[in-house]
**Student:** 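The structure that follows is given in the form of structure tokens.
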Amino acid sequence: SRVLSFPSNSLILLCGAPGCGKSTFARRHFAPTEIVSSDDCRRRVCDNVYNMKVHRETFSLVRHIARLRMSLGRLTVIDATALRRGMRRSMMRLAGDYGFRTGVIVLDVRLSTCLSRNKSRKRKVSEDVIRSFYILLHKAKTDVYKEGFDRIYVLGEEDVDQAIVTINR
Ligand code: ATP
Ligand code: MG
């Protein structure tokens, strides 16, 4: 098993392709109220989890909730793909505003696994979208080491189910 440890004043990003298991991982290891999911926020603002035209409003809400939680000193987990550097950078900046530590958990799950998991779930993403995000994973999993995160965990597919998360409260 692999132990992932974070201080309680952390902003933690999950990072991985659609269908890799980010939301499942988040649900398994964190309280529902600690998780800020971009899909939930997308639904909140426009009633349609598939509407990709509301990126700005969706992430405005993600950041807003994250800010409020951090202002109250609450552990915050961002459930979004986090595969683009700009998104990771903006979340790091936000954490800095509140003196929060930053963590990233990269789920390095094979493309074939993402595709097959996507097929067997209710909310399906197009295969092209998964492929195009997956291309970014290769760069993201090395880039995260240069971006100033306090804690970095890159989990291979075999490590994901063995992971243990501890929060130093
Ligand atoms: P998205 O980016 O589209 O929100 P996601 O990364 O949040 O995707 P999940 O919704 O958590 O992915 O998982 C996709 C599917 O794979 C679900 O049906 C889930 O039950 C299954 N799954 C997730 N993690 C695992 C795992 N570790 N082992 C087996 N199946 C899994
Ligand atoms: Mg999800």
Side-chain angles (χ1 to χ4, degrees), residues 1-45 49 55 58-85 87-110 113-114 117-118 120-123 125 130 133 136-137 140-141 143-145 147-169:
S1 70
R2 175 112 189 257
V3 178
L4 287 56
S5 81
F6 302 95
S8 61
N9 62 335
S10 287
L11 180 70
I12 301 170
L13 307 186
L14 291 169
C15 176
C20 75
K22 297 178 297 296
S23 301
T24 304
F25 186 92
R27 271 195 298 274
R28 181 167 171 194
H29 296 285
F30 300 98
T33 52
E34 291 174 331
I35 304 164
V36 184
S37 147
S38 59
D39 281 339
D40 290 348
C41 291
R42 190 180 303 281
R43 246 189 232 104
R44 276 276 160 193
V45 296
V49 73
H55 182 84
T58 299
F59 281 88
S60 171
L61 183 56
V62 168
R63 280 191 301 272
H64 191 64
I65 299 171
R67 277 187 181 284
L68 293 173
R69 290 189 57 83
M70 290 191 288
S71 77
L72 299 172
R74 308 308 300 172
L75 179 81
T76 303
V77 179
I78 307 294
D79 177 7
T81 59
L83 286 167
R84 292 183 197 285
R85 184 174 221 169
M87 186 274 190
R88 293 193 299 272
R89 202 184 293 139
S90 84
M91 297 309 298
M92 301 278 292
R93 223 173 6 236
L94 216 59
D97 290 347
Y98 295 91
F100 258 51
R101 306 285 89 202
T102 52
V104 61
I105 304 171
V106 182
L107 302 189
D108 187 11
V109 171
R110 282 184 285 275
T113 306
C114 297
R117 285 181 182 170
N118 179 58
S120 60
R121 71 174 169 173
K122 197 159 110 220
R123 179 179 57 78
V125 176
I130 297 181
F133 272 108
L136 302 173
L137 177 67
K141 70 187 182 194
D143 281 356
V144 289
Y145 291 98
E147 294 174 2
F149 286 99
D150 296 300
R151 301 288 167 89
I152 301 163
Y153 298 102
V154 179
L155 301 180
E157 191 165 332
E158 289 70 25
D159 305 327
V160 173
D161 291 335
Q162 263 64 60
I164 295 171
V165 174
T166 66
I167 308 298
N168 309 315
R169 312 222 180 227

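Every value quoted in this text rests on a predicted model; they were computed, and no experiment measured them. One is the number of the first residue; the rest follow in order along the sequence.
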**Student:** Would Val36 and Arg63 count as a side chain to side chain contact (heavy atoms under 4.5 Å, CB included) here? Give the steps.
**Tutor:** CA-CA 9 Å; Val36 184; Arg63 280 191 301 272; over 6 Å; no
**Student:** Please test Val154 against Asp159 for side chain to side chain contact (heavy atoms under 4.5 Å, CB included), starting from the C-alpha separation and ending with a verdict.
**Tutor:** CA-CA 9 Å; Val154 179; Asp159 305 327; over 6 Å; no
**Student:** Ignoring hydrogens, what is the shortest heavy-atom contact between Gly103 and Phe6? Give both atom names and the distance.
**Tutor:** CA-CE2, 4.0 Å
**Student:** Ignoring hydrogens and angles, tell me if any N or O in the side chain of Tyr153 forms a donor-acceptor pair with the backbone of Ser5 under 3.5 Å.
**Tutor:** yes
**Student:** So how far is it from Ser60 OG to Ile65 CD1, rounded to the nearest 0.5 Å?
**Tutor:** 10.0 Å
**Student:** Between the main-chain N or O of Asp150 and the side-chain N or O of Thr102, is there a donor-acceptor pair closer than 3.5 Å?
**Tutor:** yes
**Student:** Tell me every residue that passes salt bridge (charged side-chain N to carboxylate O under 4.0 Å, His left out) with Arg67, counting only those two or more places apart in sequence or in another chain.
**Tutor:** Asp97
**Student:** State whether the side chain of Arg69 and the backbone N or O of Leu75 hold a donor-acceptor pair below 3.5 Å, judged by distance alone.
**Tutor:** yes
**Student:** Looking at every non-hydrogen atom in both residues, tell me the closest pair between Cys114 and Ile130 and how far apart they are.
**Tutor:** CB-CG2, 4.1 Å
**Student:** Should the pair Glu158-Arg110 be classified as a salt bridge under the 4.0 Å nitrogen-to-oxygen rule?
**Tutor:** yes
**Student:** Atom CE of Met87 and atom NE2 of His55: how far apart are they, to the nearest 0.5 Å?
**Tutor:** 8.0 Å
**Student:** Could you tell me whether Arg74 atom CZ has more than 12 heavy atoms of other residues or ligands within 6.0 Å of it?
**Tutor:** no
**Student:** Under a 4.5 Å cut-off applied to non-hydrogen side-chain atoms, are Val106 and Leu137 in contact?
**Tutor:** yes
**Student:** If you define the side chain from C-beta out and look only at heavy atoms, does anything of Arg85 sit under 4.5 Å from Glu147?
**Tutor:** yes
**Student:** Do Phe25 and Val77 have side chains that get closer than 4.5 Å, going by heavy atoms?
**Tutor:** no
**Student:** Measure from the side-chain N and O atoms of Lys22 to the backbone N and O of Leu107, and report whether any donor-acceptor pair falls under 3.5 Å.
**Tutor:** no
**Student:** Any donor-acceptor pair under 3.5 Å linking the side chain of Ser10 with the backbone of Ile12?
**Tutor:** no
**Student:** Looking at Arg88 and Ala82, would you say the former's side chain and the latter's main chain have a donor-acceptor pair under 3.5 Å?
**Tutor:** yes
**Student:** With distance as the sole test, does Arg28 use its side chain to make a donor-acceptor pair with the main-chain N or O of Asp161 at under 3.5 Å?
**Tutor:** yes
**Student:** Might you point out which heavy atoms bring Arg121 and Arg123 nearest each other, and give the distance in Å?
**Tutor:** NE-O, 2.8 Å
**Student:** Counting only N and O atoms by type, is there a donor-acceptor contact under 3.5 Å from the side chain of Arg117 to the main-chain atoms of Cys20?
**Tutor:** yes
**Student:** Please report the shortest heavy-atom distance between Ser23 and Asp79, naming the atom on each side.
**Tutor:** OG-OD2, 2.6 Å
**Student:** Could you check whether any side-chain N or O of Asn9 sits under 3.5 Å from a backbone N or O of Gly73, counting only pairs where one atom can act as donor and the other as acceptor?
**Tutor:** no
**Student:** Can you name the nearest heavy-atom pair linking Ala66 to Leu11, along with the distance?
**Tutor:** CB-CD1, 4.5 Å
**Student:** Measuring from atom OG1 of Thr113 to atom CG of Asp108, what distance do you get when rounded to the nearest 0.5 angstrom?
**Tutor:** 10.5 Å
**Student:** Indicate yes or no: at least one non-hydrogen side-chain atom of Tyr98 is less than 4.5 angstrom from one of Thr76.
**Tutor:** no
**Student:** Under 3.5 Å, is there a donor-acceptor pair between the side chain of Asn118 and the main chain of Val125?
**Tutor:** yes
**Student:** Measuring from atom CD of Gln162 to atom CG of Leu155, what distance do you get when rounded to the nearest 0.5 angstrom?
**Tutor:** 10.5 Å
**Student:** If you look at every heavy atom in Leu83 and Cys15, which pair is closest and at what distance?
**Tutor:** CD2-SG, 3.8 Å
**Student:** Could you tell me whether Arg89 and Asp143 have a side-chain N and a carboxylate O separated by less than 4.0 Å?
**Tutor:** no
**Student:** Atom CG in Leu14, atom CZ in Phe30: separation rounded to 0.5 Å?
**Tutor:** 6.5 Å
**Student:** Nearest 0.5 Å, what's the CG-CZ distance between Asp39 and Arg44?
**Tutor:** 13.5 Å
